[in-house]
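Notes follow the structure.
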Amino acid sequence: SQSGCSLFPHSHYWIASKRIVTPQGIISGAVEIKGGSIVSIVKNKDWSGKFKQVVDYGNAVVMPGLIDVHAHLDDPGRAEWEGFPSGTKAAAAGGITTLIDMPLNNFPSTVSTETLKLKIEAAEKSIYVDVGFWGGLVPENAFNATALEALLDAGVHGLKSFMCPSGINDFPMTDARHIKAGLSVLAKYKRPLLVHSEIQSVVESHLETEDGGGDPRSYSTYLKTRPPSWEEAAVRELLTVTKDTRSGGPAEGAHLHVVHLSDASSSLDLIKEAKRRGDSITVETCPHYLAFSAEEIPDGDTRFKCAPPIRDAANKEKLWNALMEGDIDMLSSDHSPTVPELKLLNDGNFLKAWGGISSIQFVLPVTWSYGQKYGITLEQLVSWWSERPAKLAGQHSKVKFLKLSFYICISINPPSPFSGALRMNNLEMTTTLFREP
Ligand SMILES: NC(=O)N[C@H]1NC(=O)NC1=O
Ligand SMILES: [Zn+2]
Ligand SMILES: [Zn+2]
């Protein structure tokens, strides 16, 4: 609902930089803004000196804003965990300009047109970036095509489901039958199903008891309760239905997106094979899996607890390689905060603490800083964090370059006077948002 640019009183102006990330590579030039919209990108030689109303960022990077397709803002119902005002301010501070909100952790969960309405009402009070919503696919609505269509007609970008207990009572898990039914409805709308892909195996489930088979303050105890085989089992099951999404298949048009992959071995191999066979499937991972490793997590530090868990350093290396190779399509935050008391920071009990990492403000500096070792480029950042997420969420107008509704500037030199700063490796980052109505 907010419009206009906060920086400049003019309706027609240029944002100049020596490094503007475009689909044609990095150029020196200026982005022309007119009436709140980006209308052209001009190269240096074509514009210098000609125009008066210029914000010159010098060597600072001008690039598309990040689109986070996986964040849990817990409003309404659990706004004390994270509300729209704080969550979207943190997103803006971190360079995220569009956030697609997950259907659970708020109460009631977003699984119907009625509950979506409550979500929208909560968001309307105060948001600082563009916000969209995923709807929940749960056993209660999975076989009710009319209800799912109503939810999709009401504007959710797609659906989300869990293949294991979600930790939220009114968001029960789905199995392959529910997912197959969901995909057949999504096919009509050409929208995706996002799946939390872990299946609790019976053999190992005894480990997730009170003592977890070891010291509950030790991260390795928790790690053993959710082995990679859980992810592998879920992906295997999913692939029995994603074949429907192939060209000519009964769910052609639908798409399946595996959220927050942690296992870079068998689970990823299965996804790669499915892609080769023509299934419509993509996969994301998150900065916490790329930055941390199990060996480094201190005893009792439940801030690191998430599901699937952060695995060992060798796995982390494989995740980076898969991202660089294009086998992992994109990144998301899986920002899933709660109140400090439920993180049990004093007890440090990994088995009982809330699983979820609070990270939305830091995903860009984390990706950039930890990616230095692998030589990541600004173009890759844009692909993982803006272009591919935009496609997944059906934000086609944000993919087309001239219509990108936000740009952010990362200042490499002394922080610009315009906004707050985050520290990245060797860089001082400031983000400034330019927004189109
Ligand atoms: N309910 C919820 O947010 N769960 C998330 N937390 C986490 O660590 N993994 C998830 O899927
Ligand atoms: Zn999840
Ligand atoms: Zn999540």
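Order of listing sets the numbers, starting from 1, for every ligand and every atom in it.
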**Report entry** Glu284/Arg388 ion pair, N-O < 4.0 Å
**Finding:** no
Query - Val259 contact mode with ligand 1 (heavy-atom cut-off under 4.0 Å) - result: neither
Report task. Check Asn105, Ile168, Ile360 against His72 for a side chain to side chain contact (heavy atoms under 4.5 Å, CB included) and give me the one that passes. Result -> Asn105
Query raised in the report: How does His260 reach ligand 1, if at all, at less than 4.0 Å between non-hydrogen atoms: by side chain, backbone, both, or neither?
Result: side chain
Query raised in the report: Does a side-chain N-to-carboxylate-O contact under 4.0 Å join Glu231 and Arg311?
Result: yes
Query raised in the report: Quick one: nearest non-hydrogen protein atom to atom 11 (O) of ligand 1, plus distance?
Result: His196 ND1, 2.9 Å
Query raised in the report: Side chain of Thr88, backbone of Tyr128: donor and acceptor closer than 3.5 Å?
Result: yes
Requested in this report: Pick one of side chain, backbone, both or neither for how Ser166 approaches ligand 1, counting any non-hydrogen atom pair under 4.0 Å.
Outcome: backbone
Query - Trp230 six-ring face occupied by Arg226 cation (under 6.0 Å, within 45°) - result: no
Query raised in the report: Is it true that Asp279 and Arg246 make a salt bridge, defined as a side-chain N closer than 4.0 Å to a carboxylate O?
Result: yes
Query raised in the report: Of all the non-hydrogen atoms in the protein, which one sits nearest to atom 6 (N) of ligand 1, and at what distance?
Result: Gly355 O, 2.8 Å
Report summary line: Looking at His196, the N, O or S atom sitting nearest the Zn ion (ligand 2) is ND1
Report task. Tell me, please: is Phe171 in heavy-atom contact with ligand 1, that is, under 4.0 Å? Result -> no
Requested in this report: Before accepting this row, confirm whether a basic side-chain N of the pair Arg217/Asp299 lies closer than 4.0 Å to the acidic partner's carboxylate O.
Outcome: no
Query raised in the report: For ligand 1, which part of Trp81 has a heavy atom less than 4.0 Å away: the side chain, the backbone, both, or neither?
Result: neither
Query raised in the report: Just which atoms of ligand 1 are under 4.0 Å from any heavy atom in Cys306?
Result: 8 (O)
Query raised in the report: Does any N/O atom on Ser336 come nearer than 3.5 Å to any N/O atom on ligand 1?
Result: yes
Report summary line: Ranked by distance from atom 1 (N) of ligand 1, the top protein heavy atom is Asn105 OD1, 3.0 Å
Query raised in the report: Which angle, to the nearest 10 degrees, do you find at the Zn ion (ligand 3) between OD1 in Asp334 and NE2 in His72?
Result: 100°
Query - Proximal ligand 1 atoms for Leu104, defined as those under 4.0 Å from one of its heavy atoms - result: 1 (N)
**Report entry** Side-chain ion pair, Asp329 and Lys275, N-O less than 4.0 Å
**Finding:** yes
**Report entry** Those atoms of ligand 1 less than 4.0 Å from some heavy atom in Phe162
**Finding:** 11 (O)
Query raised in the report: What part of Asp334 sits under 4.0 Å from ligand 1 if we count only heavy atoms: the side chain, the backbone, both or neither?
Result: side chain
Query raised in the report: Do any nitrogen or oxygen atoms of Ala307 lie less than 3.5 angstrom from nitrogen or oxygen atoms of ligand 1?
Result: yes
Query raised in the report: Are any N, O or S atoms from His70 nearer to the Zn ion (ligand 2) than 2.8 Å?
Result: no
Query raised in the report: So, His255 and Thr282: side-chain donor and acceptor under 3.5 Å apart, yes or no?
Result: yes
Query raised in the report: Under 6.0 Å from the CD atom of Glu325, do we count more than 12 heavy atoms belonging to anything else shown?
Result: no
Report summary line: With Phe304 as partner, the option from Tyr222, Phe292, Trp354 fulfilling ring-ring contact (aromatic ring centres under 6.0 Å, His included) is Phe292
